[in-house]
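What follows is a set of notes on a single structure, which appears directly below.
As the structure is a prediction and not an experimental result, all values here were calculated from the model. The figures here come from the full heavy-atom set of this structure, side chains too, leaving out hydrogens, waters and symmetry mates.
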Amino acid sequence: MNKTTNLPILKCEALAKTYAEGKLNVEVLRELNFTVNSGEMIGIIGPSGSGKSTLLHLLGGLDKPTSGSVKIMDVDINTISEKEKGKLRNKYLGFVYQFHHLLPEFTALENVCMPLLIGDVSPEEAKIKAKDILEKVGLA
């Protein structure tokens, strides 16, 4: 059995984010802990201003936490280079944002194929995987 099979895909440990606005500190996330295992799909929901976008930015390594850690395949993403973060995101994470960020000159299928092609998946395999992904979320 492959050693990585037992690893969580994504793990947050004591994740916290506080923004400083002058003398005011705005605590957005406090001591967040969760794990996402292979094959699981999660949704992040909540009212406007509840920290959803902040959490996604931390999970994707686009922002650094005030404290705690985010691990992708047991690698703390705040200890590696931007290039390494990009490789991990491409291989193990997928985000569907509230407001889509699709490239308008491409079809939905082509937009979903993009990260697969960047990850060195063949065009034929990328198309098969992208169709499957679109079917799973009801966008086939």
Reported CG-to-CG distance for the pair Asn111 and Leu134, which is rounded to 0.5 angstrom: 9.5 Å
If every non-hydrogen atom of Asn78 is compared with every non-hydrogen atom of Pro65, which pair is closest and at what distance? ND2-CD, 3.2 Å
Transitively linked via ILVMFWY side-chain contacts under 4.5 Å: Leu32 with Ile72? yes
Please check: side-chain N/O of Thr18 versus main-chain N/O of Asn25, any donor-acceptor pairing under 3.5 Å? no
Indicate, with yes or no, if Val121 and Met114 share a hydrophobic cluster defined by side-chain heavy-atom contacts under 4.5 Å among Ile, Leu, Val, Met, Phe, Trp and Tyr. no
Does any non-hydrogen side-chain atom of Leu59 lie less than 4.5 Å from one of Ile44? yes
Cluster question for you: counting only ILVMFWY and a side-chain heavy-atom cut-off of under 4.5 Å, with indirect links fine, are Val28 and Leu15 together? yes
Shared ILVMFWY cluster between Leu116 and Met73, side chains joined below 4.5 angstrom? no
Between the CD1 atom in Ile118 and the SG atom in Cys113, the distance rounded to the nearest 0.5 Å is 11.0 Å
Does one hydrophobic cluster hold both Ile42 and Leu55, with members joined at side-chain heavy-atom distances below 4.5 Å? yes
Do Lys87 and Glu84 pass the salt bridge (charged side-chain N to carboxylate O under 4.0 Å, His left out) test, and can you show the C-alpha distance, the side-chain angles, and the key distance before you say yes or no? CA-CA 5 Å; Lys87 286 180 181 179; Glu84 290 171 311; over 6 Å; no
Within 6.0 Å of CG in Asn33, more than 12 heavy atoms from elsewhere: yes
Distance (rounded to the nearest 0.5 Å) between Lys11 NZ and Asp74 CG: 7.5 Å
Which value, rounded to the nearest 0.5 Å, describes the distance between Leu56 atom CG and Asp63 atom CG? 11.5 Å
Contact check, side chains of Leu139 and Val112, non-hydrogen atoms, under 4.5 Å: no
With the side chain counted from C-beta on, respond yes when Leu10 and Lys71 share a heavy-atom pair under 4.5 Å apart, and no when they do not. no
Roughly how far, to the nearest 0.5 Å, is NZ of Lys64 from CD1 of Ile77? 9.0 Å
Close side-chain approach of Pro123 to Leu117, heavy-atom, < 4.5 Å: yes
So, do Asp76 and Glu13 sit near enough that their side-chain heavy atoms are less than 4.5 Å apart? no
Is it the case that over 12 heavy atoms from other parts of the model lie below 6.0 angstrom from the CD atom of Glu21? no
Taking the side chain as every heavy atom from C-beta outward, state whether Val70 and Cys12 have any pair of such atoms under 4.5 Å apart. yes
Non-hydrogen atoms of Ala16 and Glu31 that approach each other most closely: CB-N, 4.1 Å
Which distance, rounded to the nearest 0.5 Å, do you find between the OH of Tyr19 and the CG of Leu24? 14.0 Å
Under the criterion side chain to side chain donor-acceptor pair (under 3.5 Å), I'd like the reasoning laid out for Ser122 against Glu125: C-alpha separation, chi angles, the key distance, then a yes or no. CA-CA 5 Å; Ser122 74; Glu125 183 68 18; 5.4 Å; no
